[in-house]
Amino acid sequence: MATVNSVSPSSGTSAGGTAITISGSGFGTNAADVSVLIDGNECSIDTITDSEIVCTSPAAPDVSVRNIQGSKIVVSVNDNIASNENAKFRYIERWSERSTWGCGNYPQDGWLVHIPKGMTLLVDDPSIEDDTFGSIVVEGALIIDGSMDITLNTNNIMVQHGSLEIGTEENPITNHEVTINLAGGPREKGLPLFGSKVIANNGGDIRIHGAARQTTWTTLSQTFAANENVLHLTDAVDWQPEEQIVVTSTAYGHSQTEVFTILAVDANQKDITVASNAAYDHFSGAHTDGAINIDLRAEVGLLSRNVKITANDEYTFQQKHGARLQSNGLSSPNAVFEVKNVEFVNVGQAFKRNGASIKLENYHAQSQTVFSGNSIHNTYSRGLQLENVDDLTI
């Protein structure tokens, strides 16, 4: 029986014409015996061997009937359907193509951008950082795939039973930087139930995956004294120049916690030179009380990530009104919330009951819910708030 193992590329333009390579076995060598359908439309076969088919994708069906998770590819050999549970092809529109916007103007500063149900929109235009959009409403899918640096400025992003995808578990953002910069003040009209300056998800899927780091949290191997600028760490790290780190206070209060910018990392990956001298002593040692050994070493954490959710306007600093991420799974067993290796900075909103930096609600055991490897700093409210959530991996 014929079997499909992989499809490459996994996406292409909705206009059709993408050369798709289908790898597997048992296809035979006679194109007349084989058919390839995407959403019931023929993918015209260009070449065929027993283990590989190359075909040209047809035009996408109407956006109203598309599946944003991808269209199933059906390969039949002598009328027998090949085994191909994971063979899918996703039709995408590109932000950079004028046809995406009905051959009209590209979205401009202050505009509301609507991604309708069935549409998958790939952000592939770095010049969008020159504009700040009023809101982006996602009923289809909004994708940033990590093929270039992207800064997206907007007041809000509303995912309404759609999908926000910034990297995936299989293909995280690795070699580029992505920044979502939210804008607006506390008195501006916000989204119902969610408020303002927020990435809001109501019953859709959130997937945000930055680059995984070797070590994000360690301790000092020796005391880092005031007026010094070299830290000696317990564990090897993959930290880089210009990234930011935090060294915790070892005084009675947290006021002596300090943030530094890395200048250089020694070849041993344990000695870090920072751009400024320490203002305080950060102790490394232990205290023994009988049989009890108390570890008193200052901790050192990596703040920087290559995917960042932030806010930088005057309302952020003057009124303590930062960015937020709020996601409601609506108790759906299929809900997806995956946020890994992301930096949240200048987040949270002071003086508000619903002002937590990240708020999750109504996610349960069957859902796919992960929040890990992230940093949350420079906050104006609680870091993470959970309501009616269980089986969450943090």
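These values consider heavy atoms only, across backbone and side chains, with no hydrogens, waters or symmetry-generated copies.
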Could you verify whether a donor N or O on one side chain and an acceptor N or O on the other, from [X] and [Y], lie under 3.5 Å apart?
X	Y	result
S64	D62	yes
N277	N227	no
N312	N346	yes
E139	H114	yes
D235	T215	no
S196	H321	yes
H282	Q256	no

Taking the basic N atoms (NZ, or NE/NH1/NH2) and the acidic carboxylate oxygens, is any pair closer than 4.0 Å for [X] and [Y]?
X	Y	answer
E93	R66	yes
E170	R207	no
K197	D313	yes
K359	E387	yes
R213	D238	yes

Heavy-atom distance under 4.5 Å between the side chains of [X] and [Y], does that happen here?
X	Y	result
I20	T56	no
F260	S276	yes
T13	T18	yes
N354	Q326	yes
I166	I180	yes
V34	I53	yes
L330	Y363	no
V178	D149	no

Out of curiosity, [X] [atom1] to [Y] [atom2], how far, rounded to the nearest 0.5 Å?
X	Y	atom1	atom2	value
D39	S57	CG	OG	11.5 Å
E52	D50	CD	CG	11.5 Å
Q368	L392	CD	CG	12.5 Å
N153	N181	CG	CG	5.0 Å
L233	K270	CG	NZ	9.0 Å
S284	D281	OG	CG	12.0 Å

Any donor-acceptor pair under 3.5 Å from [X] side chain to [Y] backbone:
X	Y	value
R90	I68	yes
E228	A225	yes
N374	S372	yes
T151	T179	no
T257	H254	yes
N156	V198	yes

>> Applying side-chain hydrogen bond (donor to acceptor under 3.5 Å, both in side chains) to T234 and T219, what does each step give before you reach the verdict?
In response: CA-CA 6 Å; T234 303; T219 55; 2.7 Å; yes

Side-chain donor-acceptor pairs under 3.5 Å in residues 122-134, sequence neighbours left out?
| unit_1 | atom_1 | unit_2 | atom_2 | d |
| --- | --- | --- | --- | --- |
| D124 | OD1 | W95 | N | 3.3 |
| D124 | OD1 | S96 | N | 2.9 |
| D124 | OD1 | S96 | OG | 3.1 |
| D124 | OD2 | S96 | OG | 2.7 |
| D125 | OD1 | S127 | N | 3.1 |
| D125 | OD1 | S127 | OG | 2.7 |
| D125 | OD2 | S127 | OG | 3.1 |
| D131 | OD1 | D109 | N | 3.4 |

>> Checking D145 against S147 for the side-chain hydrogen bond (donor to acceptor under 3.5 Å, both in side chains) test, could you report, in this order, the C-alpha distance in whole Å, the side-chain angles of both residues, the deciding distance, and whether it holds?
In response: CA-CA 6 Å; D145 66 359; S147 58; 2.8 Å; yes

For [X] versus [Y], what's the shortest heavy-atom pair and its separation?
X	Y	answer
A264	P241	CA-CG, 4.4 Å
I48	G28	CG1-O, 3.7 Å
E343	S304	OE1-CA, 3.3 Å
Y91	P58	OH-O, 3.2 Å
G210	V342	N-CG2, 4.5 Å
L182	A311	O-CB, 3.3 Å

> Hey, quick one: are L263 and V230 part of the same hydrophobic cluster, counting side-chain heavy atoms closer than 4.5 Å, chains of contacts allowed?
Replying inline: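 Not linked; separate clusters.
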
> side-chain contact (heavy atoms from CB on, under 4.5 Å) with F344: which of L325, L384, T310, T379?
Replying inline: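 Going through the options one by one, the only one that passes is L325.
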
> Between N80, I22, L37, which is the residue that forms a side-chain contact (heavy atoms from CB on, under 4.5 Å) with V75?
Replying inline: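 Of the listed residues N80, I22, L37, the side-chain contact (heavy atoms from CB on, under 4.5 Å) partner of V75 is I22.
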
With a cut-off of 6.0 Å (strictly less than), are more than 12 heavy atoms of other residues, nucleotides or ligands near [atom1] of [X]?
X	atom1	answer
E242	CD	no
I81	CD1	no
K352	NZ	yes
L193	CG	no

> Under 6.0 Å between the ring centres of F224 and Y280?
Replying inline: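 Not under 6.0 Å, so no.
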
